[in-house]
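We count ligands from 1, going down the list as the structure has it; atoms in each ligand are counted the same way. Bear in mind that the values here come from a model prediction, so they are computed numbers and not experimental data.
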Amino acid sequence: MNDQFVDDLLARMTWQEKLGQLQITYHPDAGRTRDLVSAGMGCIFWQGSAEATNAMQRHAVTHTRLGIPLLVGLDVIHGQRTIFPTPLALAASFQPELAEVVARISGREAASGGVNWTFSPMVDVSRDPRWGRVVEGFGEDVLLNSTFGAAMVRGYQGDDLAAAGAIAACAKHFVGYGHAEGGRDYNTTDMSEYRLRNTYLPPFKAVLEAGAATVMAAFNTIDGVPVHANGRLLTEVLREEWGFEGVVVGDADGVMNLIPHGVAANPSEALLLAFRAGLTVEMGGNLVKDGIHVLTDAELSPTVVDDAVRRVLTLKVALGLFDDPYVDPEREILEATPEHRQIARDVAASSMVLLKNDDALLPLAEPRRILVTGPHANSTDHLGAWVQSFATPSGSIVDELRRRLPETEVLLSLGATFLGGDEPSLAAEAASRASESDLVVVFVGEPGNLSGEAASRSDLRLPGQQEALIHAIADTGVPFIVVIESGRPLALSEWFHRAPAVLQAWHLGTEAPHAIVSALTGRTAPSGKLPVSLPRSSSQVPIFYSHENTGRPATVGGQLEPTKWDPALHGPNNVDDKYSSKYLDLDLGPLLPFGHGLTYTRFEYSEARVSTETLSLDSLRHGATFGLEITVTNVGERAGDEIVQLYVHDLVAHRVQPIRVLRKFSQVHLEAGESRSVSFHLCFEDLAFWSESHLTPGFDVEAGAFDVFIGGSSDAALATRIEVTTAP
Ligand code: GLC
């Protein structure tokens, strides 16, 4: 079945039938959805089961003139029945292959119920954790978003969209959504072409190169033009420059949002703007209202409509829907299977980040009596944002601890609620119970609904009285560990120095309790690395590692020390290094850097070895590479996994370059005492950046020196300096 089939079908369609194919909407009432399908709507949201979805497919096939089957979409973001770690947690594994497995299982579970299209992966680079949706993407780094997004596409789509278990992926939200002003969701995004091309567009290019069948337009504006009406992005970049031939779906009511954006006066104008800009499917059901098409072929060009319909029909053909749009209800996967649970545990183990572990307090020795406290200690809210009501729930950590440590007495005291308003006695009661224990584990963080869409926060500290609980426990002098379950990176500075050990456990999904207890008891060892910088305070953001150096980089942090006040001469202190880019009242840099993460052993790095320190630009353009090799040794007492990271700094170019850019990473597993060589090859693309003033506007490498850093975080030491020459 191919283009000829699509062209023949298109030729037989009426104007109304064509417009019907170009919309998707959600209605909780199946009857209402059936009426819309009768009127020609070509795309629906999942109907909640294989049976119900089959029924809607059958209605489309048998009760419409041309019997065109339906696209069935759903937000399968990090699981359908089995819930896996959130995408940001997945990114912390620095193992894209895990994301591919997660997507494959999630797609298989969703497809068994009749879903054939997921609105995932989200590859919005995000450097402002006030934005709640930082949880849905792969963090602040371009390479992580690119590699994880591409892996998710491979997992969802496999090699054949028509194969059982395959569903169409959707790269979202195109583009720049994570750059929202103030981290306020849906807010203005404005940036230079230079920033757009080097930071926000590359992950979408990578995901489309991996074969993503669809793209979702973003709610925000770029250069004052809402993306849903932005022909430069939806047509010139996506279609003409990148050759994308798939479906561009609007976000929910994103087309109607053009009215409050102030670029359309009414729904018809909004629809015209969007489809002329390059939208394919409107999410909102406004093209055909109550069986009547809103636009005529005098208003909206039939060429535009035919191109859009062709894209939708081509996707339906690729999904095999014209051959068989139905699924076998007997084979619908309704809950997490033991196999999927085990995989969820394994993925979660690799997603946790051990932020500190003074005195090797972790893994837990066999304590006689543990107190667990904090809002996550007894909650079952571990799934994270973007899970549906039918997801397989998780248990509680306290129950899991009691099950796994039968010889240990596990005491429970709430200590604090998630959002506060607690009686003061809660923390005091927990502190008094602490004194009866050998060890305290404080489970704090955010509930799942405090991140995700429409969940921006201005205050990044632990919500409610959770910090007070930590201080109350610290005041008892009993050894304690803090486990943080949050959608976003939080500002921990108020108490971080008092906690001997801190584990960042994100929201790990259905198997969170099992995975966290396994990490605490040493059955597994956390091996994740931060995919986002940890801010010192809410007002420090945006803060990220691949920043520009500025003309006055600071070397001394700010402290408003009264002893150094000299209003007559200098005002507040910071007289050292005063005229540099920093805050008077905050130390420099993040609390912990991108790429940071400890484990239950330690690694040492040798000097780097480089195949050649110099290459000509011409040879680089023709495929030559810099080979770099380094030996990593496990100098601890137990096996462990290290994510070896390689960063590059282009020292001098005609446009300012970030002080470091992650260009390679590789996981290595080492037994105690074992050493292994890890090698990387830097090619043209690894040294290039986009500029409109390159010979041809685009990505190019400029001759000059590049510093290479290799290590276990973005603070990695200088490994070597390489040179690209203009010599022939
Ligand atoms: C939401 C989100 C988008 C999601 C869509 C459908 O508004 O922005 O990510 O896929 O609606 O649920």
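For a threshold of 3.5 Å applied to N or O pairs, the pair formed by Trp386 and ligand 1 contains no separation below that value. The shortest N or O to N or O distance between Glu136 and ligand 1 is not below 3.5 Å. Among the atoms of Tyr177, none of the N or O lies under 3.5 angstrom from an N or O of ligand 1.
Side-chain N/O atoms of Glu299 and Ser268 include no donor and acceptor closer than 3.5 Å. Checking His59 against Ser38 by side-chain atom types alone, a donor-acceptor pair falls below 3.5 Å. Ser486 and Gln504 share a donor-acceptor pair across their side chains, judged by distance under 3.5 Å alone. Using modelled atom types and a 3.5 Å distance limit, the side chains of Tyr200 and Asp124 yield no donor-acceptor pair. Side-chain contact check for Arg127 and Ser546: at least one donor-acceptor pair (N or O, by modelled atom type) lies under 3.5 Å.
Near Met216, meaning under 4.0 Å from one of its heavy atoms, ligand 1 places the atoms 3 (C), 10 (O). Close approach of ligand 1 to Ala252 (heavy-atom distance below 4.0 Å) involves ligand atoms 7 (O), 11 (O). Close approach of ligand 1 to Lys172 (heavy-atom distance below 4.0 Å) involves ligand atoms 3 (C), 4 (C), 9 (O), 10 (O). The atoms of ligand 1 that sit less than 4.0 Å from any heavy atom of Phe119 are 10 (O). Atoms of ligand 1 found under 4.0 Å from any heavy atom of Phe219 (numbered from 1 in listed order, with element): 7 (O), 8 (O).
Asp251 OD2, 2.6 Å is the protein heavy atom nearest to atom 8 (O) of ligand 1. Scanning the protein for heavy atoms near atom 12 (O) of ligand 1, the closest one is Asp75 OD2, 2.5 Å. Summary of contacts: the protein heavy atom closest to atom 1 (C) of ligand 1 is Glu453 OE1, 3.1 Å.
Separating the CG atom in Leu313 from the CG atom in Leu321 is a distance of 10.5 Å, to the nearest 0.5 Å.
Contact between Met283 and ligand 1 is present, with at least one heavy atom of the residue lying under 4.0 Å from the ligand. At least one heavy atom of His173 sits under 4.0 Å from some atom of ligand 1.
Annotation: side chain of Trp117 is not in contact with side chain of Lys316 (no heavy-atom distance under 4.5 Å). You'll find the side chain of Leu233 reaches within 4.5 Å of the side chain of Ile222, heavy atoms only.
Residue-environment remark: CD (Glu193) exceeds the threshold of 12 foreign heavy atoms within 6.0 Å.
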